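In what follows, chains carry the letters A, B, and so on, assigned in the order in which the sequence lines appear, proteins first and then strands, with residues in each chain numbered from 1. For clarity, every value in this text was computed on a predicted model and none was experimentally measured.
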2 protein chains.
Amino acid sequence: MTLEIPEVVINRLPIYARALSALAEEGESVVSSQTLGEKLDVTPAQIRKDLSYFGRFGKQGRGYNVNGLLRKLREILGLDQQWRVCVVGVGRLGHAIVEYGGFEPQGFQIVAAFDTDPGAVGRQVGNLSIRDARELESFLAENRVDIGVVAVPASAAQQVVDRLVAAGLRSILNYAPMPTHVPEGVAIRHIDPVLAMQSMTFYIKQRDGVHG
Amino acid sequence: MTLEIPEVVINRLPIYARALSALAEEGESVVSSQTLGEKLDVTPAQIRKDLSYFGRFGKQGRGYNVNGLLRKLREILGLDQQWRVCVVGVGRLGHAIVEYGGFEPQGFQIVAAFDTDPGAVGRQVGNLSIRDARELESFLAENRVDIGVVAVPASAAQQVVDRLVAAGLRSILNYAPMPTHVPEGVAIRHIDPVLAMQSMTFYIKQRDGVHG
DNA sequence: GCCTGTGAAGGATTTCACAGCC
DNA sequence: GGCTGTGAAATCCTTCACAGGC
């Protein structure tokens, strides 16, 4: 398909899609790059340029059809499909992830949860029964899974990522405080609130000088 | 102090600091940009250039002193200090945040939690008693708080961010699935696992074509 | 008149490549 | 010989500005 679309562009598309959803719910039928940009703190030129990688969706003089563009973006991103997700590590964090209600409505269905702790295996979380992490490979061989969520301690993160990749997964969401790496061709995203805070403190310090 | 250091650079420093911590624990005393880069999937030149914004910390022919550089980075980022954090919104997500043990050891102390729900106010979470969100401004006026964590529903996020900013907070970590905006001079970071997944599905689709 | 789509310009970030020092 | 620090080059990304269509 279309080659070499910058990753920054891909990362912005879901934001556009979300804003368009909101506009659609408010009953708006048309939106200009100007108006959309104001809602999102993005320049209109950026929105137009981003969209131009995928086609010509607007109408001169009017703007974009909200539902039309939303449908297009959902198609491009695959948000019109169901995605199957497994979670590895069901400690406090993994628990919260499995029970978080925000994934399902967006098409991300959690189909399995794994843990190494014999005390956790077999327990019920949400509507899943926790599986033994030793079954990870066999489960992935027998069931379609699209995305792996890693919620294990930092010390185990790389090993778990390696197993997921070896088993054929190509998309990983890593919650472990550890910058695991993956081979070319595997998408990985890191969720790390501590890192996020640690980069903000630099600016606090710069502004205010040193606290007690 | 030093002016105009790119934000991307600041965002990488905590990663370097974390890797140096690990090296220090392993008893390594010296590391080259080459070796550090391999651990982090970052080019050696990038590491050297990033560090050069802040000074000259290495020794030609040897590399960097692990503990020395770590101390420097912690000082630059303010990680050698205690930071006071408040959490707004103590639903399931806020709960998990307050009870997550990963912040305290890094110097981020959660000093208050707020909610609007009368049924939640007064309840105990971790070692905090949930406060009425109406007390937010008075609490911030009387107590030093450095970082505000927003864990409210999307519909309330912008409003909460506005209140935090109006009360003088200049660093915000937003967990709400909603790209809130803030005035110049306020640092904000978004944590949004759904967005992260939605950008990965693009690549799955590109590789594999469409699933059922 | 308004707004898109897009080459070209501009700006930011990364990488190169090497002088200089240990 | 190995490795840093850094100008210069290369690359990547954003913004400009305007031709063209509604």
Side-chain angles (χ1 to χ4, degrees), chain A residues 2-16 19-20 23 28-73 76 179 181 184 199 202, chain B residues 2-16 19-20 23 28-73 76 179 181 184 199 202:
Chain A
T2 2
L3 229 6
E4 282 331 331
I5 294 161
E7 183 166 335
V8 271
V9 172
I10 303 301
N11 291 338
R12 278 191 295 264
L13 297 187
I15 305 177
Y16 301 161
L20 289 166
L23 285 168
E28 299 291 330
S29 64
V30 173
V31 69
S32 67
S33 59
Q34 172 75 40
T35 308
L36 189 58
E38 278 162 15
K39 287 199 186 296
L40 295 174
D41 272 343
V42 171
T43 65
Q46 174 119 86
I47 293 174
R48 296 202 302 276
K49 175 69 83 172
D50 285 352
L51 296 177
S52 77
Y53 283 100
F54 301 95
R56 307 154 63 114
F57 307 123
K59 280 216 191 1
Q60 283 106 325
R62 288 193 31 78
Y64 300 88
N65 177 294
V66 169
N67 280 300
L69 182 55
L70 177 55
R71 201 169 317 114
K72 251 329 185 175
L73 287 179
I76 290 164
H181 44 199
E184 268 264 356
S199 66
F202 171 80
Chain B
T2 2
L3 229 7
E4 282 331 330
I5 294 161
E7 184 166 335
V8 270
V9 173
I10 303 301
N11 292 339
R12 278 190 295 262
L13 296 187
I15 304 177
Y16 301 161
L20 289 165
L23 285 168
E28 298 292 329
S29 65
V30 172
V31 69
S32 68
S33 59
Q34 173 75 41
T35 308
L36 189 58
E38 278 162 17
K39 287 198 186 297
L40 295 173
D41 272 344
V42 170
T43 65
Q46 174 122 87
I47 293 174
R48 296 202 303 276
K49 174 70 81 171
D50 285 352
L51 296 176
S52 77
Y53 282 100
F54 301 93
R56 307 153 62 112
F57 307 122
K59 281 217 189 3
Q60 283 106 326
R62 287 191 36 76
Y64 300 88
N65 177 295
V66 170
N67 280 299
L69 183 55
L70 177 55
R71 202 172 313 114
K72 256 315 185 183
L73 287 180
I76 290 165
H181 41 201
E184 268 263 357
S199 66
F202 171 79

- Message: For A:Leu36 and A:Leu40: C-alpha separation, side-chain torsions, deciding distance, then whether side chain to side chain contact (heavy atoms under 4.5 Å, CB included) applies.
- Response: CA-CA 6 Å; A:Leu36 189 58; A:Leu40 295 174; 4.2 Å; yes
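- Taking only side-chain atoms of B:Ser52, from C-beta outward, the nucleotide of D:dT6, C:dT4, D:dC13 with the closest atom is D:dT6.
- Atom C1' of nucleotide C:dT14 and atom CD1 of B:Ile47 are separated by 13 Å, given to the nearest angstrom.
- Between the CG atom of B:Leu69 and the C1' atom of D:dC3 there is a distance of 14 Å, given to the nearest Å.
- Across the protein-nucleic acid pair, A:Lys49 atom NZ and C:dG7 atom P stand 7 Å apart, rounded to whole Å.
- Atom CD of B:Gln34 and atom P of C:dT15 are 13 Å apart (whole Å).
- Phosphate contact (OP1/OP2 of C:dT4, side-chain N/O of A:Ser33, threshold under 4.0 Å): present.
- At whole-Å resolution of the value, CG in A:Leu51 and C1' in C:dT4 are 10 Å apart.
- Close to D:dT15, at under 4.0 Å from its OP1 or OP2, lies a side-chain N or O of A:Thr43.
- Contact annotation: A:Arg56 side-chain N/O to C:dT6 OP1/OP2 distance is under 4.0 Å.
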- Item | Base-contact (B) and sugar-phosphate-only (S) positions in nucleotides 17-22 of chain C, heavy-atom cut-off under 4.0 Å, - elsewhere | B--BBS
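- For B:Gln46, the listed nucleotide lying nearest its side chain is C:dT14; candidates were C:dT4, C:dT14, D:dT14.
- Of all heavy-atom pairs between A:Ile76 and B:Phe202, the closest is O-CD1, 3.5 Å.
- In the set C:dT15, D:dT14, C:dT14, the nucleotide with an atom closest to the side chain of A:Val8 is D:dT14.
- Applying the salt bridge (Lys or Arg N to Asp or Glu O under 4.0 Å) test to every pair with at least one member in residues 50-66 of chain A, sequence neighbours left out, gives these pairs: A:Arg12-A:Asp50.
- Put simply, A:Tyr53 has no side-chain N or O that comes within less than 4.0 Å of OP1 or OP2 on D:dT14.
- Between B:Leu36 atom CG and D:dT4 atom C1' there is a gap of 14 Å when expressed in whole angstrom units.
- Using a 4.5 Å cut-off on side-chain heavy atoms (C-beta onward), A:Pro44 and A:Ile47 make no contact.
- The two atoms that bring B:Val31 and B:Thr35 nearest to each other are CG2-CB, 3.8 Å, heavy atoms only.
- Between B:Asp50 atom CG and C:dT13 atom P the separation is 11 Å, expressed in whole Å.
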- Query: What's the verdict on side chain to side chain contact (heavy atoms under 4.5 Å, CB included) for A:Phe54 and A:Ile5, showing C-alpha distance, side-chain angles and the deciding distance?
  - Reply: CA-CA 9 Å; A:Phe54 301 95; A:Ile5 294 161; 3.4 Å; yes
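- Rounded to an integer number of Å, the gap from CG of A:Asn65 to P of C:dT4 is 13 Å.
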- Task: Could you please spell out the steps behind the side chain to side chain contact (heavy atoms under 4.5 Å, CB included) verdict for B:Ser32 and B:Tyr64?
- Result: CA-CA 6 Å; B:Ser32 68; B:Tyr64 300 88; 6.0 Å; no
